[in-house]
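Here, residue 1 is the first one in the sequence, and each next residue gets the next number.
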Amino acid sequence: MTDVVDSDELLRRIQRARAFAEEEERAWRTRREDLRMTDPDGARDAEVRSVVYESVLRVLDEILTPGRSAGGT
C-alpha cells in the first residue's frame, strides 16, 4: 500500500528534515570544538559529521528555495 502525500505535507516534511539537519550540524560543530584539545580523533569525526549535515542543509535549502545559493559554489 502506498501513501499519497500532498504538496503541503511534503513541504512540512522537508522543513522538519531541514530543522533536524540544522540542529545536528550545530551539535556536531559544538562537539568538535569541545573535543579539539582533548580528543583529536573525536574532533575529526565530529568535523566530518558536521560537514555531512551542512551538505544536507544545502540540498534541502535548494529544494525549498531554488537558486538561493546559486553563486555560492
Side-chain angles (χ1 to χ4, degrees):
M1 179 176 181
T2 303
D3 290 337
V4 176
V5 178
D6 67 13
S7 60
D8 289 337
E9 177 61 19
L10 182 58
L11 179 61
R12 280 190 293 276
R13 290 180 185 188
I14 293 169
Q15 288 169 333
R16 279 194 310 265
R18 191 206 177 283
F20 176 80
E22 186 174 36
E23 219 174 273
E24 288 295 307
E25 190 271 336
R26 192 174 316 125
W28 284 107
R29 192 173 354 114
T30 299
R31 183 168 172 84
R32 177 194 67 206
E33 292 304 317
D34 292 345
L35 294 173
R36 188 176 301 266
M37 299 302 280
T38 59
D39 183 2
D41 290 336
R44 232 180 337 274
D45 180 57
E47 171 69 16
V48 169
R49 291 172 188 260
S50 69
V51 169
V52 168
Y53 279 107
E54 183 181 341
S55 298
V56 169
L57 279 170
R58 286 183 186 164
V59 169
L60 293 175
D61 282 343
E62 184 62 26
I63 291 168
L64 292 169
T65 52
R68 179 172 148 195
S69 62
T73 30

Margin query: With a 3.5 Å distance limit and no angle check, can you tell me whether Glu62 reaches the backbone of Gly67 through a side-chain donor-acceptor pair?
Written below: yes
Margin query: Show, in sequence, the C-alpha distance, side-chain angles and deciding distance for Arg29 and Glu33, and conclude whether the salt bridge (charged side-chain N to carboxylate O under 4.0 Å, His left out) test is met.
Written below: CA-CA 6 Å; Arg29 192 173 354 114; Glu33 292 304 317; over 6 Å; no
Check: After noting the C-alpha distance and the side-chain angles of Asp34 and Arg31, does the key distance pass the salt bridge (charged side-chain N to carboxylate O under 4.0 Å, His left out) rule?
Finding: CA-CA 5 Å; Asp34 292 345; Arg31 183 168 172 84; over 6 Å; no
Check: Applying the 4.5 Å side-chain criterion to the ILVMFWY set and letting contacts propagate, would Val56 and Phe20 be lumped into a single cluster?
Finding: no
Next item on the list: Taking the side chain as every heavy atom from C-beta outward, state whether Asp45 and Asp39 have any pair of such atoms under 4.5 Å apart.
Entry: no
Check: Remaining members of Val51's ILVMFWY cluster at a side-chain heavy-atom cut-off under 4.5 Å?
Finding: none
Checklist line | Nearest-0.5 Å distance, CG of residue Leu57 to CD of residue Glu24 | finding: 10.5 Å
Checklist line | Atom pair CD (Glu47) and CZ (Arg36), whose distance is rounded to the nearest 0.5 Å | finding: 7.0 Å
Check: Roughly how far, to the nearest 0.5 Å, is CG of Asp61 from CD of Glu22?
Finding: 8.5 Å
Check: Quick one: do Glu23 and Arg26 make a salt bridge, cutoff under 4.0 Å?
Finding: no
Notebook entry, point to check: Transitively linked via ILVMFWY side-chain contacts under 4.5 Å: Val5 with Ile14?
Noted result: yes
Checklist line | Interatomic distance, Arg49 atom CZ to Arg44 atom CZ [nearest 0.5 angstrom] | finding: 14.0 Å
Note to self: Any carboxylate oxygen within less than 4.0 angstrom of a Lys/Arg side-chain nitrogen, looking at Asp8 and Arg12?
What the structure shows: no
Margin query: Between the side chains of Glu9 and Arg13, is the shortest nitrogen-to-carboxylate-oxygen separation below 4.0 Å, so that they form an ion pair?
Written below: yes
Margin query: Taking Val59 as the starting point, is it possible to reach Leu64 by hopping between hydrophobic residues whose side chains are less than 4.5 Å apart?
Written below: yes
